[in-house]
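A short write-up of the structure that comes next.
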Amino acid sequence: MKKYLYTLLFMAVALFSAAAMVSCGDDDDDDIVPGGDPNTNTKEMRSLYFYDNGNQYLNRQYKLTVGSETITIKVDDLKKVTEVPEAIQSLTKLHVSVANQDGLAYSIYNYEIPADKHGAVTLSMDYSVKDGVELPDEMDFFVGACSILGDGNSLSIDGKTYLKEGVSKDKLQYILDTFNGPIAEGKVK
């Protein structure tokens with residue numbers, strides 16, 4: 001029953017993230033992360049938010065491609081944050097709620113795309129099992145990333161989070177292979 005519930009929650013988040021386009025007027029600008037020149041209508045979003053429960057058995061990293069350059073983002077090198085914009089909270093609330101209810105501790109991290117980076121953006125998960133670690137029989141993890149891209153009239157929230165509990169060590173690589181790959185796309189000017 002619990003696995004069925006998680007499957008339903010995952011499907012709901014997947015459907016929500018596929019349709020996550022939110023319109024914002026000028027009176028809603030306080031609810032989004034502003035960037036760029038505040039005197040123009042363009043609000044370029046360069047913020048990425050990462051959810052991670054600190055699994056010590058995994059290399060926890062992402063590949064960020066901006067234009068033709070790829071940057072490796074290691075979760076351990078990121079700055080922890082205590083709050084995320086409401087749009088990100090809406091996208092991730094199902095998994096956050098279940099993780100909180102089940103007592104699965106996690107942190108939220110932030111990465112700002114450098115101002116000198118421009119072009120098409122792709123964020124991909126690139127998790128793997130650390131070399132030489134002895135895996136427990138089962139483990140839990142909550143991972144994922146979200147981004148906000150947009151302007152003063154509309155913004156697009158993109159990304160995915162994954163909550164898995166009781167993953168056996170025999171299935172771990174399969175689960176990681178399923179998660180790894182592109183999870184958010186956009187463009188920065």
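All values below were derived from every heavy atom in this structure, side-chain atoms included, with hydrogens, water molecules and symmetry-related copies excluded. What you see is a predicted model; the values in this text were computed from it and never measured.
Between the side chains of S47 and E112, at least one donor N or O sits under 3.5 Å from an acceptor N or O. No side-chain donor-acceptor contact under 3.5 Å links T65 and T122. Counting only N and O atoms by type, the side chains of D52 and Y127 include a donor and acceptor under 3.5 Å apart.
Atom CD of E83 sits in a sparse spot, with 12 or fewer heavy atoms from other residues, nucleotides or ligands closer than 6.0 Å. Around the CG atom of D131, the shell of radius 6.0 Å holds no more than 12 heavy atoms that belong to other residues, nucleotides or ligands. Applying the 6.0 Å contact sphere to NZ of K130 captures more than 12 heavy atoms from other residues, nucleotides or ligands.
Using a 4.5 Å heavy-atom threshold, the side chains of T92 and C146 count as touching. Annotation: side chain of E86 is not in contact with side chain of I88 (no heavy-atom distance under 4.5 Å). H118 places none of its side-chain heavy atoms less than 4.5 Å from the side chain of V66. In this structure, L163 and L104 have side chains that are in contact, with non-hydrogen atoms separated by less than 4.5 Å. V129 has its side chain within reach of L176: a pair of non-hydrogen atoms, C-beta onward, lies under 4.5 Å apart. Looking only at side-chain heavy atoms (C-beta outward), K80 and I108 stay at 4.5 Å or farther from each other. Residues L123 and E185 have side chains not in contact (no heavy-atom distance under 4.5 Å, counting atoms from C-beta outward).
Distance OG/S107 to CG/L78: 11.0 Å, rounded to 0.5 Å. To the nearest 0.5 Å, the span separating NE2 on H95 from NZ on K164 amounts to 8.5 Å. The NZ atom of K63 lies 3.0 Å from the OG1 atom of T72; values are rounded to the nearest 0.5 Å.
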Checklist entry - Given the rule in the side chain to side chain contact (heavy atoms under 4.5 Å, CB included) test, do F141 and L172 qualify, once you have shown the distances and angles that lead to the verdict? => result CA-CA 11 Å; F141 53 93; L172 179 59; 3.7 Å; yes
Next on the checklist: Evaluate R60 against D76 for salt bridge (charged side-chain N to carboxylate O under 4.0 Å, His left out), listing each step before the verdict.
Outcome noted: CA-CA 8 Å; R60 301 161 18 248; D76 287 333; 3.0 Å; yes
Next on the checklist: Working note: K117 + I71, criterion side chain to side chain contact (heavy atoms under 4.5 Å, CB included); need CA distance, chi angles, decisive distance, verdict.
Outcome noted: CA-CA 11 Å; K117 307 294 183 216; I71 303 164; 4.1 Å; yes
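For F142, the ring-ring contact (aromatic ring centres under 6.0 Å, His included) partners two or more places apart in sequence, or in a different chain, are Y51, Y106.
Ion pairing between K169 and D137 holds under the 4.0 Å rule for side-chain N and carboxylate O.
Contact detail for M125 and Y162: the closest heavy-atom pair is SD-CE1, 3.5 Å.
In summary, the aromatic rings of Y62 and F50 are positioned with their centroids under 6.0 Å apart.
Using a distance-only test at 3.5 Å, with no hydrogens or angles considered, a donor-acceptor pair links the side chain of N53 to the main chain of D140. At distances below 3.5 Å, at least one donor-acceptor pair connects side-chain atoms of N110 with backbone N or O atoms of L48.
Screening N55, I175, L135 against V167 for a side chain to side chain contact (heavy atoms under 4.5 Å, CB included) leaves a single residue, I175.
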